Protein chains: 2
Amino acid sequence: MNIRENIRPGGRSARVQASVHEAVRGLLSTMDRSDVTIPLIAAKAGVTPSTIYRRWGDLQELLADVAVERLRPDAPPKDTGSARTDLTQWAEQYADEMASGPGRAMIRDVLSSVAIDSRNAGKCCGYTREQVQVIAERARDRGEDFPNVETVIDKLVAPIMYRILFDDVPPNSEKVLALVERLLPQQR
Amino acid sequence: MNIRENIRPGGRSARVQASVHEAVRGLLSTMDRSDVTIPLIAAKAGVTPSTIYRRWGDLQELLADVAVERLRPDAPPKDTGSARTDLTQWAEQYADEMASGPGRAMIRDVLSSVAIDSRNAGKCCGYTREQVQVIAERARDRGEDFPNVETVIDKLVAPIMYRILFDDVPPNSEKVLALVERLLPQQR
DNA sequence: GATCTAAAAGCAAATTATTTGCTTTAGCGT
DNA sequence: ACGCTAAAGCAAATAATTTGCTTTTAGATC
């Protein structure tokens, strides 16, 4: 029910969390998500089901917890020399990752858990903001014009995500390019 | 597992569906969603649990099915005399409804079920498109300039929905107004 | 370094939800 | 009216979840 923050690293809690997360990742990669159950995860993680129930409450919370971890970017956006190309490359990768089967599943997991713990979706949004922020700061350092981060969210990130979540047709490379064009209109 | 389309109206199936839906709506209005279970719904609907399991598969699918119904607009957008005001009023109402507690819960229900039946999210998106389409056609009939529907989705609907789903701060009236301004720049 | 403590994990019994095979019912076409 | 089929009911079997209690363990204190 309550996913604790601030687990001291190296303690027993941390070990349990790590093995449970790993078990979840392993199972999700092997089998259909609808066949993944808490008793199964517990067995694979070498832990009692009640431990998982007490720590996470239910499967959705646990999946959300794992998904948030996996949605955290592992590196800042690549520096390609200009804001336009930085943003284009970042957005294309973002769209691809999120539109992929596992990407969509992770987003759904994160959103499903919001009822109980609304921090999850906010975290994802935060990761995205940070990435855009990095591109924005680089642009500023180069002396380029660049819209503020919220504008980028509205005009680029939001349409990508909306299409992925609600539309049958996830945004392809052309679509992403068109969105970036609208956002950074003047070609030098 | 499979939610059937084309249930002949007036048949037994239709009656069961209606009483189950009504039971769900009733329970959701009374109690916390995490306390709503299939056996409970079944009892309230005067139906066996196994009927629900066989027709809907699980609670998420059933909740999604009910949510899609409730997200269907019951009337076309009001005709206020101009595209700008039509769109503004429609968008403000849309944002309010979706950002409300029940609205967010319904969106989440719909999105959670996508794994098994991806038609649900598409339907919602479809309803929105239809509403915007109506506004667009009225604008055309009046001889007003109006962007195409996909542009409205990208620049207005998507940011609203993104903020609702991922951000802590759902879009207020000012924010919606600003988005409409960006979409229909010239005041006239 | 031994001891105490509190938080978290294990265990197992009780409860509750889900699945399933089989039977019954109701609506539809003839 | 009669039969056929799809869906509903029923109940037993299985599986998941909750819960009270016990045990373990990491960290704090002496």
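Computed from a predicted model, the values in this text were never measured in an experiment. For the numbers below, each heavy atom of this structure counts, side chains included, while hydrogens, waters and symmetry mates do not. Below, chains carry the letters A, B, ... as their sequence lines are ordered, and counting in each starts from 1.
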Spacing of [X] atom [atom1] relative to [N] atom [atom2], expressed in whole Å:
X	N	atom1	atom2	value
B:I52	D:dG9	CD1	C1'	13 Å
A:W56	C:dA8	CH2	C1'	12 Å
A:D58	D:dT18	CG	P	8 Å
A:L40	D:dA15	CG	C1'	11 Å
A:R54	C:dA6	CZ	P	19 Å
B:R15	C:dA26	CZ	P	9 Å
A:Q17	C:dA7	CD	P	18 Å
B:E61	C:dT19	CD	C1'	17 Å

Identify, between B:V16 and A:T37, the residue whose nearest nucleotide on DNA chain D lies closer to the 5' end.
B:V16

Less than 4.5 Å apart, any side-chain heavy atom of B:M98 and any of B:L71?
yes

Flag yes if more than 12 heavy atoms outside B:D35 fall under 6.0 Å of its CG atom; otherwise flag no.
yes

Sole residue of A:E181, A:Q89, A:E144 in side chain to side chain donor-acceptor pair (under 3.5 Å) with A:R84
A:E181

With respect to the side chain of [X], which nucleotide from [options] is positioned closest?
X	options	value
B:S50	C:dA8, D:dA8, C:dT19	C:dT19
A:T48	C:dC11, D:dG9, D:dA7	C:dC11
A:R12	C:dA17, C:dA7, D:dA16	C:dA7

Charged N-O contact under 4.0 Å between B:K123 and B:D65:
no

